[in-house]
There are 2 protein chains.
Amino acid sequence: MEEPRKRARPGRAPAPAGRTARPRQAEVARLAGVSQATVSLVLADKRQGPAISEETRQKVLEAARSLGYVPDPAARRLAAARNNLLGVFSFTATFPTDVQHSYYPFLVGVEREAAERGYDLVLFTGSSTGGAGAAGPDALNRVRLADGCLFLGRHAPAQELRRLVADGFPVVHLGRRDEPEGLHWVGADYVSAAREVVDHLAALGHRRMVLIREDDEAPASTDREQGFLEGLEAAGPAGGPGGAVFRSADPERDLTPERLRSWLADGVTAFVAEETDTGAAWRALRRAVAEAGIDCPREASLALLGSPPADLADGPEPTGFDIPRTRLGAAAVRMLAALVAGEEATEPLVACTFRPGVTSGPPPAIADR
Amino acid sequence: MEEPRKRARPGRAPAPAGRTARPRQAEVARLAGVSQATVSLVLADKRQGPAISEETRQKVLEAARSLGYVPDPAARRLAAARNNLLGVFSFTATFPTDVQHSYYPFLVGVEREAAERGYDLVLFTGSSTGGAGAAGPDALNRVRLADGCLFLGRHAPAQELRRLVADGFPVVHLGRRDEPEGLHWVGADYVSAAREVVDHLAALGHRRMVLIREDDEAPASTDREQGFLEGLEAAGPAGGPGGAVFRSADPERDLTPERLRSWLADGVTAFVAEETDTGAAWRALRRAVAEAGIDCPREASLALLGSPPADLADGPEPTGFDIPRTRLGAAAVRMLAALVAGEEATEPLVACTFRPGVTSGPPPAIADR
DNA sequence: CACATCGATTAATGCGTATTAGTAATGCGC
DNA sequence: GCGCATTACTAATACGCATTAATCGATGTG
């Protein structure tokens, strides 16, 4: 039996040996007179695992310091089978030229929470117009380089998402979303927030109110309606049906001053608008109130289930709530971190912040008394 | 001679095997019926090196696609190749709560240019308040995971930067910086921009002007002064020294209305203020002009070498220039990409955008003529 | 027909670190 | 003085990918 001849070694070409390379654990080990494994153990500083004598520890630390050793993050992550990277994917540019439309408030929370947990962030842009990282159907696959990925915006294609989820890749969608079965998400608790607003109005004395909403089946809409109705019910009956929901595909056309007056005549004292992308409901409500010549906090109270659109931001601060975008970002990272760690998903709902505002007050019947 | 008994294998503990792990090249190889090496070759898609038959290539690509294979960045990097990842490091939060102080305008350009070139972005946050990714002296070192890294803000510690640069790691600093020898940077061309402003004033007929600046040795300040002086010289002599530089550690205190009047009496017709973090020079100038009762475009022209501070943004638009932050971000990525590719650094200076504004006009001597 | 050529593919590395089985040395109890 | 536990380390992996020498076939060549 012949010993197989030692083959020439393939593999890496020798390093150009030009610069002084960074020291490796092996060099630290040589200097300290121990093995590379020992160096690794000392520098890892774990509680568990083999014990290390104080003397050896000091020798190693001293050697590492004198050589200026710094661990190679790539090797470290390779060996640990983790990247400590969380992906952030937005189908549109993460940084659009127009700051208004950006995910900025979310990113504030995302960054903070990720840093807190020792994760770095990889930004993926689905909209990359071309370039090497082409936006083919496997664009979403690139995110697998992270340990898990956060999705912003409604535009992530369900098909690709489904695949990621099916493969057990940790995915969290920022914003409630039921589309791909089993997709994890975090979102604002619109039910509670809407209800809180109604509670506030009820506490002021309002008993009959109308919700103005667009014709939309998005959870963000139906949740608000549910909270509205719950709040009304809790306020208790006070002469007939407490409230109504006015639903229109085009509130700016359908919500006329006449209709408002008719509601007032029916004993309605407060109007609540949902917030949408366009802000149509609130804008329609404001305009109708103005055209009908209704004095806002005095003759009728108004509330907005969300924040006013940019063009109405300068007006009187509406009673309502703010969406806690920064906290949502943080919550999404928390959940994602949990999934990456193989734990259960954390609480998906984040509470909104109630905003008293100046568009609500006691109903006229009480105020005039 | 006894064959040494085969030892049990140490090394890694078996994976928890719960989720479907990310596919490796080995799995792609198995599915395609080839070796891992072949997969690597196909996916590398190099011109040189062993040839691969078209048939095999297709098999491999198909297998890779169907498994959703994505290379592990850490492994890639460790094997001395590249990642297609560019790092972005900011010592303070990249997304501060206060949008005003954010790097947003830069990031717009960074993201766009990176996407264009097929790079993804990794955000390294140096400011982790003390989480797992603690901000030890090696916090900066994490960036080595990427192929190169962009640094934002003046706070990156020179010591650590020096190390990266010395090790030949591609680094680009956004904003001119000479501190660690050999550091690459991109910055706005303040010399040309300042000169352009002076040229504009000179073209209107101004011959004597004063530059108001703070007592600062930063390149951003001295460059502006240089451009100012160059512009004056080019405008040619027109009765004695064309201009002066007024330098003060506290312009708001030292720039009095009396001094302004004295300059006017000396034939000075235009005042130029540098832009700084605080905006002190411009603010002082505006106030002194107002207090002296000088009619701005008529009796004296004003110019600002930069953009007005936020609190003066609503005032009349000053003649001057804008710092092209978005283009700076893009230029930084271009340079970084060049360095990563082993090429020479690209042009570090980016031209500013001249802003005509409404605070300058012909000098009174001409206007009254 | 033996042999050099060329093309396609694979085996066998290396990168730098983390992990763990194994080993040598020492202490302890009876 | 022998077994056994403990302590302090080290040897030998594995991680996933890129690289390159070697190999195996299929063609030409002399």
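Predicted model, so just to flag it, every value in this text is computed and none were measured. Just so it is clear: chains get the letters A, B, ... in the order the sequence lines come, proteins before strands, and each one is counted from 1.
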Undergrad: Whole Å only: how far is the CZ atom of A/R76 from the C1' atom of C/dT19?
TA: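 A/R76 atom CZ is separated from C/dT19 atom C1' by 14 Å.
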Undergrad: In whole Å, I'd like the distance from the CD atom of A/Q58 to the P atom of D/dC9.
TA: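 For the pair A/Q58 CD and D/dC9 P, the rounded distance is 12 Å.
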Undergrad: When the distance from CD of B/Q25 to C1' of D/dG16 is rounded to whole Å, what number comes out?
TA: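 Rounded to the whole Å, the gap is 7 Å.
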Undergrad: Using whole Å, what does the distance between atom P of nucleotide C/dC15 and atom CG of A/L78 come to?
TA: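 Rounded to the whole Å, the gap is 14 Å.
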Undergrad: Expressed in angstrom and rounded to an integer, what is the separation of A/N83 atom CG from D/dC17 atom P?
TA: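 Going from A/N83 (CG) to D/dC17 (P), I get 11 Å.
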Undergrad: What N/O pairs connect the protein and nucleotides 8-10 of chain C at under 3.5 Å? Give each pair on its own line.
TA:
unit_1, atom_1, unit_2, atom_2, d
C/dT9, OP1, B/S53, OG, 3.4
C/dT9, OP1, B/T56, OG1, 2.5
C/dT9, OP2, B/S53, N, 3.0
C/dT9, OP2, B/S53, OG, 3.3
C/dT9, OP2, B/T56, OG1, 3.3
C/dT10, OP1, B/S35, N, 3.3
C/dT10, OP2, B/S35, N, 3.0
C/dT10, OP2, B/S35, OG, 2.9
C/dT10, OP2, B/T38, OG1, 2.2
C/dT10, O5', B/S35, OG, 3.4

Undergrad: A/E54: which residues meet the side-chain hydrogen bond (donor to acceptor under 3.5 Å, both in side chains) condition with it, sequence neighbours left out?
TA: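 Scan of A/E54 (side-chain hydrogen bond (donor to acceptor under 3.5 Å, both in side chains), adjacent residues dropped) gives A/Q58.
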Undergrad: Could you give the angle between the helix axes at the two ends of the helix from C/dC1-D/dG30 to C/dC30-D/dG1, with five pairs per end, rounded to 10 degrees?
TA: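 Answer for the end axes of this duplex: 60°.
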Undergrad: Does a side-chain heavy-atom distance below 4.5 Å link B/F89 with B/L150?
TA: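 Answer no - side chains too far apart.
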Undergrad: To the nearest angstrom, how far is B/L145 atom CG from C/dG16 atom C1'?
TA: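 For the pair B/L145 CG and C/dG16 C1', the rounded distance is 14 Å.
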Undergrad: Of all the nucleotides listed (D/dA18, C/dT17, D/dG16), which has the minimum atom distance to the side chain of B/R24?
TA: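 Of D/dA18, C/dT17, D/dG16, D/dG16 is nearest to the side chain of B/R24.
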Undergrad: Within this structure, what is the CD-to-C1' distance between A/E55 and D/dC9, rounded to whole angstrom?
TA: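 Spelled out: CD on A/E55 to C1' on D/dC9 is 13 Å.
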Undergrad: What is the distance from CD of A/E27 to C1' of C/dT17, rounded to the nearest Å?
TA: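 Spelled out: CD on A/E27 to C1' on C/dT17 is 14 Å.
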